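These notes are about the structure you will find just below.
Just so we're clear, the structure is a prediction, and the values are computed from it rather than from any experiment. Letters A, B, ... are given to chains in the order of the sequence lines, protein chains preceding strands, and every chain is numbered from 1.
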Amino acid sequence: MMLGVVGRQAGEVGRLIFKRCSNDNAAAMAWVAASKRFMSTTEMNVRDALNSAIDEEMSADSKVFVIGEEVGEYQGAYKVTKGLLQKFGPDRVLDTPITEAGFTGLGVGAAFQGLKPIVEFMTFNFAMQAIDHIINSAAKTNYMSGGTINVPIVFRGPNGAAAGVAAQHSQCFAAWYGQVPGLKVLVPYNAEDARGLLKAAIRDPDPVVFLENEIMYGETFPVSPEVLDPSFTLPIGQAKVEREGKDITITAFSKMVGYALKAADELAKEGISVEVINLRSIRPLDRATINASVRKTSRLVTLEEGWPQHGVGAEICASVVEESFYYLDAPVERICGADVPMPYAANLERLAVPQIEDVIRAVRRACHRSSAEDQREAA
Amino acid sequence: MFLNSWLWRSRHLSRSPLLLLRSRSIFLASSCTTELLASQNASEHQHSRKLPSTVPRIRPWWNVSWSSGYRNPSMEAEKKVASGEDSYGNESKQASSTEFLDFPGGKVSYINELQFLSESSPVRVPCFQLLDEYGQVAEHACLPEVDKLLAVKMYRNMVLLQTMDTLFYEAQRQGQFAFYLTTIGEEAINIASAAALSNDDIVYAQYREPGVLLWRGFSLNEFANQCFTNNLDYGKGRQMPVHYGSSKLNYPTVSSPIATQLPHAVGAAYALKMENNPACTVTFFGDGASSEGDFHAAMNFAAVLEVPVLFICRNNGFAISTPTAEQFKSDGVVAKGQAYGMRSIRVDGNDTLAMYATIKAARVMAISESRPILIEALTYRVGHHSTSDDSAKYRKQDEMQHWKMIRDPVFRFRRWLEGQRWWDPEADKQLRSESRKEVLAAIRSAGPLKKPSLSSLFTDVYDSVPSNLKHQEEEVRATVSRHWSDYPSDVPL
């Protein structure tokens with residue numbers, strides 16, 4: 001662990017030295033990548049994954065810039081943009097006045113002119129103050145301009161519930177943005193997802209809404225050398241089967257993937273083999289992977305933190321019913337957050353979001369196996 | 001090394017000329033463009049910025065002051081108090097009191113009487129005018145350099161715009177397309193601004209500025225194709241009429257939500273600055289748009305980021321039916337400029353020469369000093385808000401007639417042209433009849449053309465067509481071929 005920290009810091013220093021000597025130099029980047037591979041451990045937390053992705057894309061393309069509140073001097077409200085102001089200067093990392101509508105509109109205008117902004121929202125709850133620019137100015141413009149105006153912009157920030165931040169900081173917006181044609185909506189889970197999907201989003205010519213999760217920022221995951229390479233990207237619109245199984249499929253995204261995996265571990269002890277799909281992308285939704293999995297297992301549980309009505313699970317359920325109806329052996333179960341604004345008190349908050357036990361019980365119901373407890377519930 | 005350049009930048013900011021009060025008095029005193037530029041440059045000269053007097057010089061982007069490199073905590077302000085400088089490094093002009101309040105925003109003197117600033121200034125901001133209502137040169141007016149060629153071109157475009165508006169409006173009334181709105185009464189703002197700009201300046205319009213496109217070379221056919229949304233429409237049939245756009249003429253497609261173009265223009269100006277491009281962005285908006293949140297955000301941002309953008313407000317008295325008296329309580333929109341730290345001017349929007357001179361000067365300032373400028377052009381919306389409005393319901397017919405007939409900006413400019421012996425009634429008659437013929441020809445040729453094909457329903461949602469939309473298109477085509485009679489005959493496949 002110590003070696004890893006030292007190694008990472010050495011890598012940082014090396015990167016800084018090389019940056020001063022040779023800007024945007026391919027050899028420098030290769031050196032940095034090699035140094036990382038040589039010196040660092042194969043673990044990375046999601047925050048560093050995002051930071052390194054933005055760093056590398058900004059080094060590679062001078063049109064990429066970061067804009068948002070507290071992204072510069074403060075190093076980022078969640079430290080995701082740490083070090084970027086010092087490295088790239090104030091013209092590429094802009095601290096803004098408090099106006100989401102303002103800096104989102106400004107970012108969209110800059111994108112109209114060919115720059116590639118990364119607009120950070122402190123949380124996507126605050127993006128509602130800018131949602132007109134996200135939908136009407138970014139999502140619809142390529143279409144409404146007859147294909148003459150591209151908007152290569154990324155909107156990113158934490159989404160969904162954190163801990164003890166109450167209703168106006170806890171809403172999940174995956175379903176809202178997922179409905180809009182013209183947007184791409186990505187939901188990374190681990191460090192590999194964060195790096196690969198954010199790099200793909202920055203390079204994409206369409207507007208991308210990148211929904212992160214505050215709780216996941218500090219979580220560490222093993223990463224392969226391939227993931228650490230500066231040219232690593234993940235394809236947009238492809239889900240990943242995180243865990244193969246044959247009895248039932250759970251679809252999840254973001255933090256809930258971790259819950260699904262833990263539930264799967266527990267259920268394996270009972271002999272239920274759970275297949276966990278990490279959606280990675282809400283729009284485009286990887287219906288092919290989901291349906292192929294359901295045709296294999298014939299049971300489905302959808303898992304999300306957001307509200308149930310018109311949620312992501314509703315769309316997945318509709319897709320499966322349309323395409324794989326005759327393969328289903330049980331009704332689709334949706335696990336969602338409670339249909340209430342998120343309360344603050346810890347005990348209430350715990351009851352308002354899905355827990356691992358809820359996942360386990362839902363899987364058992366779908367598998368028609370229940371403990372004595374569940375039988376009492378059903379009766 | 002990096003740290004030193006950091007400090008250099010923040011020190012440099014402290015010497016940049018933020019002399020609003022002094023500049024204001026300069027601009028009120030002289031209305032002549034070159035004099036204006038010379039005096040402006042003179043004031044800058046004191047602060048070691050060498051700018052040649054008339055040729056706008058472009059400041060390289062790395063040389064511009066950055067607010068994020070500038071932190072003035074109260075401790076630093078206290079030191080400046082001791083040295084007799086204000087927070088911008090200038091000699092303190094707040095003469096009398098020796099006691100100052102130092103706070104993170106800078107140094108401010110004390111006052112011991114309880115006094116509130118009045119909600120309005122005793123005198124309204126005066127309006128810059130060169131030609132009076134009769135087209136005569138006003139006293140003390142110093143006209144910009146406009147030769148016969150330019151003046152006649154401006155007039156011809158104003159007449160063509162007026163003719164196009166009148167006939168297209170009638171076409172909508174006849175049911176040829178679903179919607180239209182006119183620029184009647186605001187022709188001078190449209191054409192004079194366009195004439196004063198360069199084709200490299202990017203124009204973010206609201207919707208009442210097709211004259212800028214007309215000036216830049218958008219043909220009557222192109223206007224008609226968009227209104228009829230036929231298969232030659234650049235928008236591929238996706239926009240309501242009057243939502244024109246042309247990437248080659250630097251006029252991004254008009255967007256319906258009010259005032260969203262303001263922060264877009266600021267962002268685009270930022271991009272121009274990053275590219276070291278000697279152009280500016282220009283954004284038009286109405287009096288009503290100045291109430292939107294986007295207006296405040298854009299104005300504040302433009303001033304803070306120091307980007308070259310012209311904010312041109314067409315204060316035409318109405319936002320659909322809401323008169324300006326109910327839109328804001330301030331002295332119009334020009335009074336808001338200083339609140340954001342932005343240079344501003346009020347101009348008679350129906351005076352072609354005053355508009356031309358103002359925009360020309362503003363453009364030079366915006367680009368050479370990399371700063372935003374606010375221009376409030378006073379005018380009157382002669383037509384209805386749009387074809388969905390009947391303004392007789394909320395204003396008097398005789399008021400509308402008065403502005404239409406007597407205070408028509410086109411007629412006013414014509415008077416001046418005739419006074420210069422550059423125009424005559426015979427030429428006018430010929431111009432109007434020619435314009436009418438051309439506009440009618442455009443309408444007649446655009447109407448019968450085919451509509452956009454089915455594939456344009458599915459393209460451009462994303463940069464490349466995604467698989468679900470390809471699939472949907474196949475399904476639609478299959479359905480159409482099976483149920484041919486249910487499918488409209490005028491939409492090509």
Polar contact flag, side-chain donor to acceptor under 3.5 angstrom, Asn150(A)-Asp463(B):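 There is such a pair between these side chains.
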Angle class for the Phe65(A)/Tyr270(B) ring planes (parallel below 30°, perpendicular above 60°, tilted otherwise)?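 Tilted, since the angle between the ring planes falls between 30° and 60°.
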Considering only heavy atoms, which portion of [X] lies under 4.5 Å from any heavy atom of chain A: side chain, backbone, both, or neither?
X: Ser456(B); result: backbone
X: Pro466(B); result: neither
X: Thr260(B); result: both
X: Phe295(B); result: neither
X: Thr459(B); result: backbone
X: Leu262(B); result: neither
X: Leu272(B); result: side chain

What distance do Gln113(A) atom CD and Asn277(B) atom CG have between them, rounded to the nearest 0.5 Å?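 It comes to 8.0 Å.
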Rounded distance [0.5 Å steps], CG in Asp294(B) versus OG1 in Thr99(A):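 It is 7.5 Å, given to the nearest 0.5 Å.
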Engaged part of [X] at the chain B interface, taking heavy atoms whose separation is under 4.5 Å:
X: Ile98(A); answer: neither
X: Thr141(A); answer: neither
X: Lys184(A); answer: both
X: Pro181(A); answer: both
X: Asp132(A); answer: side chain

4.5 Å side-chain heavy-atom contact, [X] and [Y]:
X: Tyr143(A); Y: Leu457(B); result: yes
X: His243(B); Y: Met144(A); result: no
X: Leu305(B); Y: Leu94(A); result: yes

Name the member of [options] that forms the most heavy-atom pairs with chain A at distances under 4.5 Å.
options: Ala269(B), Ser256(B), Ala268(B); result: Ala268(B)
options: Gly293(B), Pro257(B), Ala265(B), Ser247(B); result: Pro257(B)
options: Gln239(B), Arg238(B), Gln261(B); result: Arg238(B)
options: Gly245(B), Ala297(B), Pro263(B), Ser255(B); result: Pro263(B)

Has Tyr462(B) got a side-chain atom pairing as donor or acceptor with Pro207(A)'s backbone, closer than 3.5 angstrom?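 Pair absent, no side-chain N/O of Tyr462(B) close to backbone of Pro207(A).
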Is Asn142(A) reaching over with its side chain to a backbone N or O of Asp460(B), donor-acceptor style, under 3.5 angstrom?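 Present.
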With a 6.0 Å cut-off (strictly less than), is the heavy-atom count around [atom1] of [X], excluding the residue itself, greater than 12?
X: Lys451(B); atom1: NZ; result: yes
X: Phe179(B); atom1: CZ; result: yes
X: Gln472(B); atom1: CD; result: yes

Evaluate side chain to side chain contact (heavy atoms under 4.5 Å, CB included) for Met274(B) paired with Arg92(A), printing each intermediate quantity in order. CA-CA 9 Å; Met274(B) 292 271 285; Arg92(A) 296 191 62 197; 4.2 Å; yes
What residue, out of Lys140(A), Glu100(A), His133(A), has the most heavy-atom pairs lying under 4.5 Å from chain B?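 Most heavy-atom pairs under 4.5 Å with chain B: His133(A).
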May I ask you to name which of Val151(A), Val108(A), Ile67(A), Leu183(A) has the most heavy-atom pairs under 4.5 Å with chain B?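 Highest number of pairs under 4.5 Å: Leu183(A).
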Test side chain to side chain contact (heavy atoms under 4.5 Å, CB included) on Phe301(B) and Thr96(A); report intermediate values, then the result. CA-CA 8 Å; Phe301(B) 246 115; Thr96(A) 68; 3.4 Å; yes
